[in-house]
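Please read these numbers as outputs of a predicted model, since none were measured by experiment.
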Amino acid sequence: MGSELKDLNSKPAKTQQPDPNDDDASAKDHRPLLESTASSAAEDIQELEKKFAAFVRNDVYGSLGCGKLPLKEKLLLGIALVTLLPLRLLLVMSILVLYYLICKIFTLCSAPNLEEDQEDYAHLGGCRRAVILQSGRYLSRLLLFMVGFYWINETHKDSANTQDNSKTESTKQSEERVRSGAIVSNHLSYLDVLYHMSSSFPSFVAKKSVSKLPLVGLIGKCLGCVFVQRESKSSDFKGVAGIVTDRVRNAHQNELAPMILLFPEGTTTNGDFLLPFKTGAFLAGAPVMPVILRYSYRRFSPAWESISGVRHVVFLLCQFVNNLEVTRLPIYHPSQQEKDNPKLYANNVRKLMAAEGDLIVSDIGLAEKRIYLAALNGLLGQS
């Protein structure tokens with residue numbers, strides 16, 4: 001992979017030696033050079049997009065959200081920047097502060113759970129947990145509404161409509177009475193978490209730094225998030241995998257335990273692809289609930305892919321209507337062979353989700369994504 005990218009960036013530019021005394025000739029000589037450089041960069045970007053198609057933005061804003069916009073789009077964006085953007089920012093911050101205050105009030109005089117180097121309030125019970133959960137679901141949906149997701153198209157598929165052949169008849173009959181251990185979802189954007197919060201209010205895995213953020217940190221602890229040091233190379237990773245496995249198993253066996261949401265791809269895509277699944281959600285051998293998300297769009301794609309966070313938020317808030325389609329598959333019950341082989345279990349769930357969601361299976365992952373972004377930034381910087 002690295003050698004391929006070297007070839008992309010190592011194409012020499014052919015230059016002519018202009019007459020230093022002829023200014024007109026010098027200007028003329030430089031025009032072909034600039035045009036050929038721009039053309040070469042465009043060709044290189046096209047080659048990159050073929051190899052890393054899962055991370056390519058296909059909306060009108062283009063690569064990194066820096067594409068050339070048509071005049072109509074510029075006018076629409078300009079109007080939204082002075083009207084929609086400030087209004088929506090105010091509403092979003094108001095909802096966030098309100099929920100933070102609810103979490104703060106209902107966790108007063110309560111000690112957080114500090115087991116296994118984690119800190120959360122998921123153990124709270126009674127009315128305090130009920131208020132945190134119900135208000136969290138309602139305000140999450142309200143927040144999505146405020147940023148343009150006025151309606152969300154949800155499809156619930158039953159066992160008869162899926163391509164899952166691993167279930168026995170007795171399993172199918174008891175499926176409705178069985179609680180899944182985890183929700184497994186494809187990952188497109190930070191908006192995914194908001195949808196799942198509004199739907200089932202699960203805990204999820206987040207970076208350690210999130211727990212220290214103002215407002216969001218306490219909310220994450222009330223959700224019962226598992227905080228990890230993503231770049232850590234220490235043996236602590238096994239401890240995190242163990243915590244996730246215990247959470248999945250506990251959620252499956254205990255109706256009062258918070259469900260856990262896992263994105264087994266480990267990073268985001270543009271929504272048309274499904275990357276290889278990591279095995280964390282499947283190590284416990286418990287049933288899982290597959291959920292497929294897709295953001296449809298005409299101008300700006302809500303998928304957070306190959307674009308900076310600030311730029312994405314601004315363009316998202318400037319788009320009057322945003323659309324989300326959700327397909328909820330029936331609970332997937334692993335066979336004994338899948339329980340004994342988490343990798344097989346993960347691959348089979350991935351195949352099912354790809355088939356039911358009409359997604360393209362891709363073999364690239366987070367490492368290739370970083371290579372793509374680095375190369376893309378370099379090429380756009382040269383053009």
Side-chain angles (χ1 to χ4, degrees), residues 80-108 120-122 124 127-156 183 185 187-204 206 210-211 213-225 258-261 263 268 271 289 291-304 309-310 312-328:
L81 281 170
V82 297
T83 55
L84 271 183
L85 180 61
L87 177 61
R88 283 179 166 175
L89 278 176
L90 178 61
L91 292 172
V92 167
M93 288 306 301
S94 299
I95 294 171
L96 191 60
V97 170
L98 174 60
Y99 188 51
Y100 169 80
L101 292 175
I102 292 173
C103 291
K104 190 71 175 176
I105 291 170
F106 284 88
T107 55
L108 285 175
D120 65 71
Y121 291 95
L124 293 178
C127 66
R128 289 188 297 176
R129 180 65 184 169
V131 171
I132 290 174
L133 191 151
Q134 294 302 328
S135 61
R137 292 182 64 175
Y138 173 77
L139 292 175
S140 296
R141 183 63 189 94
L142 181 61
L143 198 153
L144 284 171
F145 183 88
M146 292 303 179
V147 300
F149 292 92
Y150 305 120
W151 55 88
I152 295 176
N153 183 18
E154 293 190 347
T155 302
H156 294 256
I183 299 168
S185 173
H187 198 14
L188 292 80
S189 172
Y190 51 84
L191 297 164
D192 304 348
V193 174
L194 281 176
Y195 164 74
H196 286 291
M197 283 180 64
S198 70
S199 174
S200 50
F201 203 76
S203 61
F204 55 93
V210 172
S211 66
L213 291 175
L215 305 180
V216 177
L218 178 61
I219 293 173
K221 292 172 186 176
C222 287
L223 279 162
C225 292
M259 190 76 71
I260 186 166
L261 164 68
F263 299 111
T268 56
M289 178 182 289
V291 177
I292 305 164
L293 307 180
R294 184 185 293 274
Y295 296 96
S296 57
Y297 61 91
R298 294 175 60 187
R299 296 164 49 224
F300 175 73
S301 170
W304 186 23
V310 173
H312 186 277
V313 169
V314 169
F315 290 160
L316 178 77
L317 297 183
C318 286
Q319 184 159 258
F320 184 69
V321 178
N322 291 297
N323 298 299
L324 172 60
E325 299 171 6
V326 181
T327 303
R328 304 180 73 88

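- Among all heavy-atom pairs drawn from N323 and W151, the shortest one is OD1-NE1, 3.9 Å.
- Residues T268 and L188 have side chains not in contact (no heavy-atom distance under 4.5 Å, counting atoms from C-beta outward).
- Two residues are said to be in side-chain contact when any heavy atoms from C-beta on lie closer than 4.5 Å; C318 and L84 fail this criterion.
- Residues M93 and L215 form a side-chain contact, since some pair of their non-hydrogen atoms from C-beta on lies under 4.5 Å apart.
- Separation of atoms CG (L85) and CG (L316) is listed at 10.5 Å; rounding is to 0.5 Å.
- Of all non-hydrogen atoms in I95 and L139, the two that sit nearest each other are CG2-O, 3.8 Å.
- Distance check, rounded to the nearest 0.5 Å: CG of L324 to CD1 of I152 gives 5.0 Å.
- Contact detail for F320 and R88: the closest heavy-atom pair is O-NH2, 2.8 Å.
- When side chains are defined from C-beta on, L191 does not count as touching N322, because their heavy atoms never get closer than 4.5 Å.
- Note that CG of L144 is 5.0 Å distant from CG of L194, once rounded to the nearest 0.5 Å.
- The heavy-atom pair separating S140 from G136 by the smallest distance is OG-O, 2.7 Å.
- Pairs engaging residues 188-202 under the side chain to side chain donor-acceptor pair (under 3.5 Å) rule: E154-Y195, S185-H196, H187-D192, Y190-H312, D192-Y295, Y195-R328, S199-R328 [sequence neighbours left out].
- Here the CD1-CD1 distance, from I105 to I132, works out to 10.5 Å after rounding to the nearest 0.5 Å.
- In this structure, L213 CG and L218 CG are separated by 12.0 Å, a value rounded to the nearest 0.5 Å.
- Annotation for Y138: atom OH does not count as buried by contact number, only 12 or fewer foreign heavy atoms lying within 6.0 Å.
- Taken to the nearest 0.5 Å, the CZ atom of F201 stands 7.0 Å off from the OG atom of S135.
- In terms of heavy-atom proximity, F300 sits nearest to P302 at O-CD, 3.3 Å.
- Smallest separation of non-hydrogen atoms from G224 and S203: O-CB, 3.2 Å.
- Within the 4.5 Å cutoff, the side chain of R129 has heavy atoms near those of the P258 side chain.
- For the side chain to side chain donor-acceptor pair (under 3.5 Å) condition, no pair includes a residue of residues 99-108, sequence neighbours left out.
- Every residue meeting the salt bridge (Lys or Arg N to Asp or Glu O under 4.0 Å) condition with R299, not counting sequence neighbours, appears here in chain and number order: E73.
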